[in-house]
Amino acid sequence: MAEKIAYDDVEVGTELPTQTFPVTRATLVRYAGASGDFNPIHWNEKFAVEVGLPDVIAHGMFTMAEAIRVVTDWTGDPAAVVEYGVRFTKPVVVPNDDEGATIEVSAKVAAKLDDNKVRVDLLATSAGQKVLGMSRAVVRLA
């Protein structure tokens, strides 16, 4: 486990380490099995296109979970996250090739709150497009 971040050592504007998360069709199949979400837009290209999508897309909750990893890796304690919310703005399109897609996530401390808590704003993009809007976490630090 990483060393815990101290509230007094953090300032508004502190940037968290940026991370990139690969997403392949195999990733989506594993997530579907774990989550029980077998909606065909996440694995069947023909169906996804028929309903107006450009291709198979990643699960929104999967995208949300990958993004918060930037925060939990930074804090060293997943239980430090006391609130987390996003708006889904664009899907993560996952082509059927060896590369798949990537989700790039950056984050910074946007506000220092009471009780050793900070608000962290996240920016999640894929293929140059913002995929999560209003992505914010409240985190209790040491």
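We use all heavy atoms of the structure for the numbers below, so side chains are in, but hydrogens, waters and symmetry mates are not.
Taking CD1 of Ile41 as the reference point, atom CG of Asn39 lies at 4.0 Å (rounded to 0.5 Å). Here the OG1-CE distance, from Thr89 to Met134, works out to 12.0 Å after rounding to the nearest 0.5 Å. Put simply, OG1 on Thr75 and CD1 on Ile68 are 8.5 Å apart, with the number rounded to the nearest 0.5 Å. For the atom pair CZ (Arg136) and CD (Glu83), the distance works out to 11.0 Å, reported to the nearest 0.5 Å. Rounded to the nearest 0.5 angstrom, Lys117 NZ and Tyr7 OH are separated by 10.5 Å. One distance of note links OG1 of Thr125 with NZ of Lys130; it measures 10.5 Å at 0.5 Å rounding.
Around NZ of Lys90, the count of heavy atoms belonging to other residues, nucleotides or ligands within 6.0 Å does not exceed 12.
Note on Val86 and Trp74: same hydrophobic cluster, where clusters join Ile, Leu, Val, Met, Phe, Trp and Tyr whose side-chain heavy atoms are under 4.5 Å apart, directly or indirectly. Tracing side-chain contacts under 4.5 Å through hydrophobic residues (I, L, V, M, F, W, Y), one reaches Met64 starting from Val70; they form part of the same cluster. Follow the hydrophobic side-chain contacts under 4.5 Å out from Val10 and you reach Val81 in the same cluster. Each of Leu123 and Val120 belongs to its own hydrophobic cluster when Ile, Leu, Val, Met, Phe, Trp and Tyr are linked at side-chain heavy-atom distances under 4.5 angstrom. Note on Leu122: it clusters hydrophobically with Val109, by side-chain heavy-atom contacts below 4.5 Å among ILVMFWY residues.
Between the side chain of Ser126 and the backbone N or O of Thr102, at least one donor-acceptor pair lies under 3.5 Å.
Taking both residues in full, the closest heavy atoms of Glu104 and Thr20 are given as CG-OG1, 3.9 Å, listed atom of the first, atom of the second, then distance. In terms of heavy atoms, Ala101 sits closest to Val93 at CB-O, 3.2 Å. Nearest approach of Ile103 to Ala124, heavy atoms of both residues: CG2-CB, 4.5 Å. Heavy atoms only, all atoms of each residue included: Pro91 and Ile57 are closest at CB-CG2, 3.6 Å. In terms of heavy atoms, Phe38 sits closest to Ala32 at CZ-O, 3.4 Å. Counting all heavy atoms, side chain and backbone alike, Glu99 lies closest to Thr24 at O-CG2, 4.2 Å.
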- Task: May I have the step-by-step check of side-chain contact (heavy atoms from CB on, under 4.5 Å) for Phe88 and Leu132, ending in yes or no?
- Result: CA-CA 5 Å; Phe88 300 106; Leu132 298 176; 3.6 Å; yes
- Query: Could you walk me through whether Val23 and Phe62 pass the side-chain contact (heavy atoms from CB on, under 4.5 Å) check?
  - Reply: CA-CA 10 Å; Val23 186; Phe62 171 81; 3.7 Å; yes
- Item | Steps toward side-chain contact (heavy atoms from CB on, under 4.5 Å) verdict (Val105, Glu66) | CA-CA 9 Å; Val105 183; Glu66 291 292 77; 5.8 Å; no
- Working for side-chain contact (heavy atoms from CB on, under 4.5 Å), residues Phe21 and Val92: CA-CA 11 Å; Phe21 304 100; Val92 174; over 6 Å; no
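In summary, the side chains of Asp73 and Gln19 do present a donor paired with an acceptor at a separation below 3.5 Å, with no hydrogens or angles considered.
Partner of Glu45 under the side-chain contact (heavy atoms from CB on, under 4.5 Å) criterion, out of Leu53, Asp55, Val94: Asp55 alone.
Note: His59 and His42 have parallel aromatic rings, judged against thresholds of 30 and 60 degrees for the angle between ring planes.
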